[in-house]
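Okay, so here's the structure we're looking at.
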Protein chains: 2
Amino acid sequence: MIALLPLCSIPSPKTVLVVGGGDGGVLREVSRHPSVEHIDICEIDKMVVDVSKKFFPQLAVGFQDPRVHLHIGDATEFLRHAPKGKYDAVIVDSSDPVGPAQELVEKPFFETIARALRPGGVLCNMAESMWLHTHLIQDMISVCRETFKGSVNYAWASVPTYPSGVIGFLLCSTEGPPVDFKNPVNSIEKLEGALKHKRELRFYNSEMHSAAFALPPFLRREVSALCHSSTSTLPR
Amino acid sequence: MIALLPLCSIPSPKTVLVVGGGDGGVLREVSRHPSVEHIDICEIDKMVVDVSKKFFPQLAVGFQDPRVHLHIGDATEFLRHAPKGKYDAVIVDSSDPVGPAQELVEKPFFETIARALRPGGVLCNMAESMWLHTHLIQDMISVCRETFKGSVNYAWASVPTYPSGVIGFLLCSTEGPPVDFKNPVNSIEKLEGALKHKRELRFYNSEMHSAAFALPPFLRREVSALCHSSTSTLPR
């Protein structure tokens, strides 16, 4: 979901940055997209990559794609030096926002992402559990609303291994061509037909994509005061 | 969800049977519907009702509605004596289908429900976790397909307290006026405006209703061979 929600929402993504994601799973899903020409991944911990290659080959397979360029280092630093407008999409697959990952939910980090995205480019950021972390979600939405001038949306998916069984995603776009996150412009069903090495998707399809943006009233009420944009699924 | 998915899918439900549900929570949600005139509840264990009234008043409040008629007994027996075509909707809020509740996922039970429903009446049955019980779900769909001549649909919702964080619902209709479960004909947003005692919904809205029918490919593949109906969201 974290890779396909943003990449199916824009036409022909070419240049993608993955922040974290050292296990390779996000890369594997980014690689599905034939339009993608260049994938940077900035992972702070080389051991995550090594361990994944040794023990989780089905995830680490993502590193085998020749379009992938691995950078070991701090993504906040990496983004400060990234050329302005370089990326069509940035995907932040980080650990929980405590300790070293705290910076990844703060405004300066989002500002460097917005700067590194082309106009109408998209960010997908892990965004906690709607059942457990409503206030943290509110804070992230608030910061992103200030930073991203396109749309700001919240989506979620059922993942039994996360606490409370769900994980959320914050989807933002920069000022430019409007992005309607809820209705994928670049549907996976079309892409799958075009792929040479077809690996069946087990969880994602266009129907699940749209359904991910349906929010229960308790969450909608909490975040409603903070969200904006003409294409947003969140109320003003 | 278990009460609102079926009751928002048919116009003006009047007569409803709840099987199990002795805590009163389903009754509370059925009571939202101003068109409902008569609610039977058949709970096998009186102690569930008593304990809920003592310790869970926010659920047990459902019993205070004068339209509610409590029957303590075995629902399989209750349904055998129910007048044919009596109910607009039957809601089965049972425990897991092992031991004494095993009968509640078997064909004779579904046949008595189909008999007790009016033409175009609906059943909503708890239907396990898509992550854990695919084969059981397949079996239930298979039996319901044989029994219900209208549509057979599967929906699910995030409930952190269930194993794997989700619970499923099997929605079936009898032969008669077609029921499009995915697009609620009797939307809660309209009902809420009409209610005298407005209690805010926290999880359900029409958007969540429709999203509940989005199924991941792994589940869709498993159940696709078994499902039918022109209005079903499940492939033939």
Side-chain angles (χ1 to χ4, degrees), chain A residues 1 4-5 8 29 32 128-134 153-169 181-184 187-189 191-192 198-224 232-235, chain B residues 1 4-5 8 29 32 128-134 153-169 181-184 187-189 191-192 198-224 232-235:
Chain A
M1 295 292 275
L4 297 173
L5 287 175
C8 292
E29 298 307 310
R32 286 184 184 273
E128 304 299 312
S129 161
M130 63 182 176
W131 294 112
L132 304 174
H133 311 111
T134 322
N153 293 256
Y154 191 79
W156 63 278
S158 160
V159 182
T161 46
Y162 278 105
S164 83
V166 298
I167 188 71
F169 309 100
F181 283 108
K182 193 165 177 177
N183 301 296
S187 85
I188 200 73
E189 286 79 6
L191 286 181
E192 287 203 307
K198 208 174 165 180
R199 202 173 1 86
E200 268 189 341
L201 281 161
R202 294 187 197 161
F203 188 74
Y204 178 94
N205 56 31
S206 288
E207 195 184 23
M208 293 292 287
H209 179 123
S210 295
F213 292 88
L215 305 185
F218 82 86
L219 184 62
R220 192 164 280 280
R221 277 194 288 269
E222 292 288 333
V223 301
S224 65
S232 172
T233 57
L234 295 169
Chain B
M1 295 291 275
L4 297 173
L5 287 175
C8 292
E29 298 307 311
R32 287 184 184 274
E128 304 300 310
S129 161
M130 63 181 176
W131 294 112
L132 304 175
H133 312 110
T134 322
N153 294 256
Y154 191 80
W156 61 278
S158 160
V159 182
T161 45
Y162 278 105
S164 82
V166 297
I167 189 70
F169 309 100
F181 283 110
K182 193 166 176 176
N183 300 297
S187 85
I188 200 72
E189 287 78 8
L191 286 182
E192 286 204 305
K198 210 173 163 181
R199 203 171 2 84
E200 269 189 342
L201 281 161
R202 295 189 197 159
F203 188 73
Y204 178 94
N205 56 31
S206 288
E207 194 184 24
M208 293 293 286
H209 179 123
S210 294
F213 292 88
L215 304 185
F218 83 85
L219 184 62
R220 193 163 280 279
R221 277 194 289 269
E222 293 288 334
V223 300
S224 63
S232 174
T233 57
L234 295 169

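Computed from heavy atoms alone, side chains included, the values below leave out hydrogens, waters and symmetry copies. Proteins come first, then strands; the chains are lettered A, B, ... in the order of their sequence lines, and each starts at number 1. All of these numbers come straight from a predicted model, not from anything done at the bench.
- From N205(A), atom CG reaches atom CZ of F218(B) across 11.0 Å, with rounding to the nearest 0.5 Å.
- Heavy-atom pairs under 4.5 Å with chain A peak, among S210(B), A212(B), S164(B), at S164(B).
- With sequence neighbours left out, Y204(A) forms a side chain to side chain donor-acceptor pair (under 3.5 Å) with H209(A).
- Scanning both residues, M130(B) and F203(A), for their nearest heavy atoms gives CE-CE1, 4.4 Å.
- Among P163(A), G165(A), P160(A), the residue with the largest count of heavy-atom pairs under 4.5 Å with chain B is P160(A).
- When each of V166(A), T161(A), L219(A), L201(A) is checked for heavy-atom pairs under 4.5 Å with chain B, L201(A) comes out on top.
- Judged purely by distance below 3.5 Å, without hydrogens or angles, the side chains of W131(A) and S158(B) pair a donor atom with an acceptor atom.
- Shown here for E200(A) and R221(B), the closest heavy-atom pair between the two residues is OE1-CZ, 3.4 Å.
- The CZ atom of R220(B) sits 9.5 Å away from atom CE of M208(A), with the distance rounded to the nearest 0.5 Å.
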